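Reminder, nothing fancy here: chain letters follow the sequence lines and each chain counts from 1. What you are looking at is a predicted structure, and each value in this text was computed from that prediction instead of being measured.
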4 protein chains.
Amino acid sequence: MFDIDLQSRVPIYEQLYKKTIELIIKGVLSENDQLPSVRALAKELGVNPNTVAKAYQELERSKVIYSLSGRGSFISRISDMEIKEYALIDFDESVREALKAGVTPDELKNRIDAVTEKERSAP
Amino acid sequence: MFDIDLQSRVPIYEQLYKKTIELIIKGVLSENDQLPSVRALAKELGVNPNTVAKAYQELERSKVIYSLSGRGSFISRISDMEIKEYALIDFDESVREALKAGVTPDELKNRIDAVTEKERSAP
Amino acid sequence: MFDIDLQSRVPIYEQLYKKTIELIIKGVLSENDQLPSVRALAKELGVNPNTVAKAYQELERSKVIYSLSGRGSFISRISDMEIKEYALIDFDESVREALKAGVTPDELKNRIDAVTEKERSAP
Amino acid sequence: MFDIDLQSRVPIYEQLYKKTIELIIKGVLSENDQLPSVRALAKELGVNPNTVAKAYQELERSKVIYSLSGRGSFISRISDMEIKEYALIDFDESVREALKAGVTPDELKNRIDAVTEKERSAP
DNA sequence: GTGGTCTAGACCACG
DNA sequence: GTGGTCTAGACCACG
């Protein structure tokens, strides 16, 4: 479920952070669902417990999860818009870069369709 | 010209790398233009020559610039298509991220129009 | 193991790069074997950690090794063909040079037999 | 005639050195032929006179050329074997590397034919 | 502990 | 003057 890439240059804790949000969006994780414990997940993934703990802390800071002391971590109620905001900040930036590079808005729109198509067939 | 953000978590050499490509895109730097020498740019930016040298080496490896020994570094001939490719790689990635976050392709297209509009008025 | 020649005009980081590939070819280093840490190898060789780091970065860029953040650097899976390719690029170049120098293909072939014979007796 | 590649990482003086020997082998330059003056060649190639001078010095040190003070530089009588020796030292080394990489002598011989063929069609 | 980035500076080959 | 290599060391993020 939380498959991560240890060889990636993206920090593991960041991958876990994004993966969790992705699982919520996909409906795999829902409001009030309990997350695996730090130690359990760390063991399963073969990573340092501190790394998992850091991801959970970041998720809690962003109000994506909440934790009850001694009981564990749970998915918060989170509006879709909040999640989307994150992705869109990066998106806007990449649009700006592409416009600067001389790509036209229409080319970008075609590109969206191409990527959407590709993701649908091989997600 | 090569304004960089020393506070950023993005490595200075990487900022210089991207900045150079951006300057080419904007037409500020053209084919065969000479870049400032490693030492001159380092002094101007207040960073270590090694840091600038690293950026130049990466740019040369990517064929964005070439250097003539003992003479300096110069902008290579880069096709517009190659320049666009640079920008589109980032764009595609951000599209993928947005789709994962549950943003629909149509929302992204609207977003492109919004950003385009904003850039046109305040570039 | 990683014996290098500090007097050589060949940069140390390049010697380390080639040496690593040579150790893989000889079977001394195999897939997933861990390399000594940057600091440990630097100390052992009496060179600066930055120099070793540069060699490792080049090796990683060439996919000869991979690194797991916070854990260290490891030998990638490289096919025998890939290893041979490395050696043959140099070989082709030396053949071209020899042809330019007026050596005939037959002379080169005889030379191969001579070297092979010599290596067999004193490897 | 002395076409060189300014962008190459091979020093210009070394390219000139090799080029001169190549021209002798091809018969373009023969015993007692006069070489262009340092200044003339430097101007023609658009390089620093010091660079040409260095190449000539190296050629003289290797007895490939001789110079008469005030008159210029001339091609020496040089045996083919002397020239070949240079190339063969590199060749032997590359053969050793290839053997270490597990390439068989027969594969190397086939490779020689392939390179010879390619050079013949596009030198 | 591990690699990544950076500084301040030196020395060198090449031109 | 120009870039390439290297040292000696610091600080940092990640794990």
Do the side chains of Lys26(A) and Glu22(A) get close enough for a salt bridge, i.e. N-O under 4.0 angstrom?
yes
Note: for Leu68(B) and Gly46(C) on DNA chain F, the residue whose nearest nucleotide lies more 5' is Leu68(B)
The correct set of residues in residues 29-36 of chain B placing a heavy atom under 4.0 Å from DNA chain F is none
Rounded interatomic separation in angstrom, taking CD from Glu60(C) and P from dT5(E)
10 Å
OP1 or OP2 of dT2(E) under 4.0 Å from side-chain N/O of Ser37(C)
yes
Can you tell me the distance, in whole Å, between the CG atom of Leu45(C) and the P atom of dC6(F)?
12 Å
Main-chain N/O of Val64(D) paired to Ser76(D) side chain as donor or acceptor, under 3.5 Å
yes
Please confirm whether the shortest side-chain N or O distance from Gln57(C) to OP1 or OP2 of dG4(E) is below 4.0 Å.
yes
How do Leu6(B) and Gly72(C) order along DNA chain E: which one's closest nucleotide is nearer the 5' end?
Gly72(C)
Nearest-Å distance for atom pair OH/P, residues Tyr17(C) and dT5(F)
14 Å
Are Gln34(A) and Ser73(A) packed together at the side-chain level, in the sense that at least one heavy-atom pair is separated by less than 4.5 angstrom?
no
Considering only residues two or more places apart or on different chains, which pairs with a residue in residues 12-48 of chain C satisfy ring-ring contact (aromatic ring centres under 6.0 Å, His included)?
none
Measure the spacing between CG of Asn48(D) and CD1 of Ile12(D) and express it to the nearest 0.5 Å.
9.0 Å
Considering only NZ, NE, NH1 and NH2 on the basic side and carboxylate oxygens on the acidic side, decide whether Glu58(C) and Arg61(B) come within less than 4.0 Å.
yes
Let's test your reading of the pairing rules: Watson-Crick or G-U wobble, both distances under 3.5 Å, then write DNA chain E as a dot-bracket string with ( ), [ ], | and dots.
||||||||||||||.
side-chain contact (heavy atoms from CB on, under 4.5 Å) filter on Ser30(C), not counting sequence neighbours, yields Asp33(C)
Could you check how far OH of Tyr66(C) sits from C1' of dT2(E), rounded to whole Å?
15 Å
N or O in side chain of Ser67(B) less than 4.0 angstrom from dT2(F) OP1/OP2
no
Is a side-chain donor or acceptor of Gln15(D) paired with a backbone partner of Val10(D) at a separation under 3.5 angstrom?
yes
Test side chain to side chain donor-acceptor pair (under 3.5 Å) on Glu93(B) and Ser94(A); report intermediate values, then the result.
CA-CA 9 Å; Glu93(B) 176 59 20; Ser94(A) 72; over 6 Å; no
Side chains of Leu99(C) and Val95(C): closer than 4.5 Å at any heavy-atom pair?
yes
Once you round it to whole Å, what is the distance between C1' of dG4(F) and CD of Glu58(B)?
14 Å
Where protein sits on nucleotides 9-15 of chain E, one letter per nucleotide: B base, S sugar-phosphate only, - none, heavy atoms under 4.0 Å
B----SS
Under 6.0 Å from the NZ atom of Lys18(B), do we count more than 12 heavy atoms belonging to anything else shown?
no
Asp5(C) CG to dT5(F) C1': how many Å, rounded?
15 Å
Quickly work out the Arg61(C) CZ to dG4(E) C1' distance and round it to whole Å.
13 Å
Once ring-ring contact (aromatic ring centres under 6.0 Å, His included) is applied, what residue pairs with a partner in residues 44-68 of chain B remain, sequence neighbours excluded?
Tyr66(B)-Phe74(B)
